[in-house]
Each structure stands twice: as C-alpha cells, then as structure tokens.
Amino acid sequence: MRSAEVSRDTAETRIRVRIDLDGTGRQRLDTGVPFLDHMLDQIARHGLVDLEIEAQGDLHIDAHHTVEDIGITLGQALARALADKKGIRRYGHAYVPLDEALTRVVVDLSGRPGLHWQVQFTRAMIGSFDVDLAREFFQGLVNHAMLTLHVDNLRGDNAHHQCETVFKAFARALRMAIEPDPRSAGAVPSTKGAL
C-alpha cells in the first residue's frame with residue numbers, strides 16, 4: 001500500500017498527516033485555517049488521494065507557521081508513501097482553468113527539491129488568508145517531498161480563482177506523476193536507477 005502517516009510537533013505547531021496515494025479523493029481536514037482546508041480538499045479530490053490532516057498552530061499570531069508546517073508534513077508523508085518510486089510515471093503536468101483564471105503546473109518526482117513560482121495574485125488577502133502563504137505551503141512541500149515543481153498562473157483577475165487553479169493543477173499533475181506506469185516493468189524511471 002502506498003500510504004503513510006507523519007506527525008510533526010514543534011513549539012509552534014502540532015500536525016498529523018495521513019495520505020493514501022491510491023485513494024478516491026476522501027478527505028478529513030481540520031487545520032484551523034478554513035481557506036487552506038478548501039485548497040487541501042482540491043488536492044484530495046483532484047489528485048484522487050485520501051488525505052487526513054489535523055493541525056493545531058499558533059494562529060493567535062498568524063497562519064504562517066501552521067500553513068508552512070502542514071506543507072512540510074504533507075511533503076514528508078508524500079515522500080514516505082512513494083518509497084523507492086519504482087514503476088511510477090515520475091512526471092506530471094496539468095492546465096486548469098476556473099472562469100477567467102488559468103494555471104499550469106508541472107511536477108517531477110526527481111528526488112531534487114526545486115520550486116519555480118510565477119503567481120502574481122491580484123490582491124494580498126483572500127478573506128483572512130494571506131496569499132503569500134500559498135507559496136510557503138508549496139515550498140515546504142517541495143523541500144520535504146524532494147520534488148521539482150513549476151507553477152505558472154497564466155492569467156486571472158480573481159485571487160480566489162487564481163489560488164484554486166494552482167491547487168487543482170498541482171493535484172492533477174501529481175496524480176499523473178504518481179500513477180503506476182504499466183510499461184515500466186516496475187523499474188525506477190531514471191537512468192541513475194534511483195530517485
């Protein structure tokens with residue numbers, strides 16, 4: 001089974017993440033950050049992964065530590081669930097529109113962390129959610145899942161739409177990358193023999 005559970009306890013946050021890469025999109029989310037719950041729901045539903053995330057953080061300060069640490073912990077769980085990455089496609093990409101907004105995401109489960117982020121949000125806040133935290137989430141995820149991620153918001157006027165297309169496109173690209181490749185004969189998709 002390609003699943004994992006990871007906990008992270010610090011002086012700022014307590015996070016528990018459980019992921020099943022061969023799920024159906026079921027989710028149970030309780031982060032204390034409602035807009036992030038909405039975005040994580042996109043990852044579960046459009047990535048067809050089962051996702052449970054519980055978090056308690058220092059939200060009396062702001063949501064920064066909580067959002068970043070959820071990204072870190074989800075990245076750790078993803079890396080653990082993928083294990084040696086034998087037989088997967090490795091690469092994934094997706095274009096996702098939402099009304100006027102359009103985002104392209106490309107992912108490589110390379111074993112090398114790298115984030116290329118080209119998202120110019122049209123406003124600084126979506127409700128009470130600071131849009132800078134979207135990048136912080138993905139930076140934490142990328143660093144700990146050890147993947148390369150390119151995120152390009154190609155257009156958009158509504159910041160909510162922009163952010164939602166980012167998370168949906170990530171989910172779709174990840175779904176493609178983690179899919180078993182029936183022609184791979186269970187090999188690691190790298191000339192190095194390891195990812």
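Sequence positions, counted from 1, serve as the residue numbers for this chain.
Side-chain N/O atoms of Thr13 and Asp69 include a donor and acceptor closer than 3.5 Å. Side-chain contact, Asn143 with Gln139: a donor N or O sits under 3.5 Å from an acceptor N or O. In this model, a donor atom of one side chain and an acceptor atom of the other lie less than 3.5 Å apart for Asn153 and Gln162. Between the side chains of His38 and Glu164, a donor-acceptor pair is found at a separation under 3.5 Å. A donor atom on one side chain and an acceptor atom on the other are not found under 3.5 Å apart for Thr122 and Asp157.
Between Thr165 and Pro97 there is no side-chain heavy-atom pair separated by less than 4.5 Å. Side-chain contact between Asp22 and Asp20: present, with at least one pair of heavy atoms (C-beta onward) separated by less than 4.5 Å. In this structure the side chain of Leu174 reaches within 4.5 angstrom of the side chain of Leu78, judged on heavy atoms. When side chains are defined from C-beta on, Arg80 counts as touching Val6, because their heavy atoms get closer than 4.5 Å. Put simply, the side chain of Val106 does not reach to within 4.5 Å of the side chain of Val151, judged on heavy atoms. Under the 4.5 Å side-chain criterion, counting only non-hydrogen atoms from C-beta, Pro34 is not in contact with Met39. Side-chain contact between Leu195 and Pro189: present, with at least one pair of heavy atoms (C-beta onward) separated by less than 4.5 Å. Side-chain contact between Val166 and Trp117 is present, with heavy atoms from C-beta onward closer than 4.5 Å.
In terms of modelled atom types and a separation under 3.5 Å, the side chain of Asp37 and the main chain of Thr31 share a donor-acceptor contact. Side chain of Thr73 to backbone of Ile70: no donor-acceptor contact under 3.5 angstrom is found. Side chain of Asp50 to backbone of Arg26: a donor-acceptor contact under 3.5 angstrom is found. Under a 3.5 Å cut-off, the side chain of Asp58 and the backbone N or O of Ile61 do not form any donor-acceptor pair. A donor-acceptor pair is defined here as one N or O able to donate and one able to accept, closer than 3.5 Å; no such pair exists between the side chain of Arg89 and the backbone of Tyr91. Asp130 contributes a side-chain N or O that, together with a main-chain N or O of Asp132, makes up a donor-acceptor pair within less than 3.5 Å. The backbone N or O of Ala169 lies less than 3.5 Å from no partner atom in the side chain of Thr103, so there is not a single donor-acceptor pair.
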*Stepwise, does the side chain to side chain contact (heavy atoms under 4.5 Å, CB included) test hold for Leu40 with Ile53?*
CA-CA 9 Å; Leu40 293 169; Ile53 300 179; 3.8 Å; yes

*Give the C-alpha distance, both sets of side-chain angles, the deciding distance and a yes or no for side chain to side chain contact (heavy atoms under 4.5 Å, CB included) between Leu154 and Arg104.*
CA-CA 7 Å; Leu154 304 175; Arg104 174 184 60 222; 4.0 Å; yes

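Leu115 and Phe121 fall within the same hydrophobic cluster, defined by Ile, Leu, Val, Met, Phe, Trp and Tyr side-chain heavy atoms under 4.5 Å apart, directly or through other members. Note on Val119 and Val142: same hydrophobic cluster, where clusters join Ile, Leu, Val, Met, Phe, Trp and Tyr whose side-chain heavy atoms are under 4.5 Å apart, directly or indirectly. Ile72 and Leu109 are members of different hydrophobic clusters when ILVMFWY side chains are connected at heavy-atom separations under 4.5 Å. In terms of hydrophobic clustering, with Ile, Leu, Val, Met, Phe, Trp and Tyr side chains grouped at heavy-atom distances under 4.5 Å, Leu59 and Leu29 are assigned to a common cluster. Leu102 and Val107 fall into different hydrophobic clusters, defined by Ile, Leu, Val, Met, Phe, Trp and Tyr side-chain heavy atoms under 4.5 Å apart, directly or through other members.
Note on ring orientation: taking the six-membered ring where Trp is involved, the planes of Phe35 and Phe129 are tilted (angle from 30° to 60°). Between Phe138 and Phe170, the ring planes are perpendicular. Angles over 60° get that label, and only those under 30° would be called parallel.
Contact check on Arg90 versus Asp108 returns a salt bridge, with a Lys/Arg side-chain nitrogen under 4.0 Å from an Asp/Glu carboxylate oxygen. Under the 4.0 Å criterion applied to side-chain N and carboxylate O atoms, Arg28 and Glu54 are assigned as salt-bridge partners. A salt bridge links Arg16 with Glu52: the distance from a Lys NZ or Arg NE/NH1/NH2 to an Asp or Glu carboxylate oxygen falls below 4.0 Å. We find that Glu100 and Arg155 are not joined by a salt bridge, their nearest charged nitrogen and carboxylate oxygen being 4.0 Å or further apart.
Looking at every heavy atom in both residues, Ala94 comes nearest to Ala173 through CB-N, 3.8 Å. Contact record, Lys85 with Ser110: NZ-C, 4.4 Å, taken as the closest heavy-atom pair. Residues Ala81 and Ile19 share a closest heavy-atom pair of CB-CG2, 4.2 Å.
Phe167 has its ring centre no less than 6.0 Å from the ring centre of His46.
Around atom NE2 of His93, no more than 12 heavy atoms belonging to other residues, nucleotides or ligands sit under 6.0 Å away.
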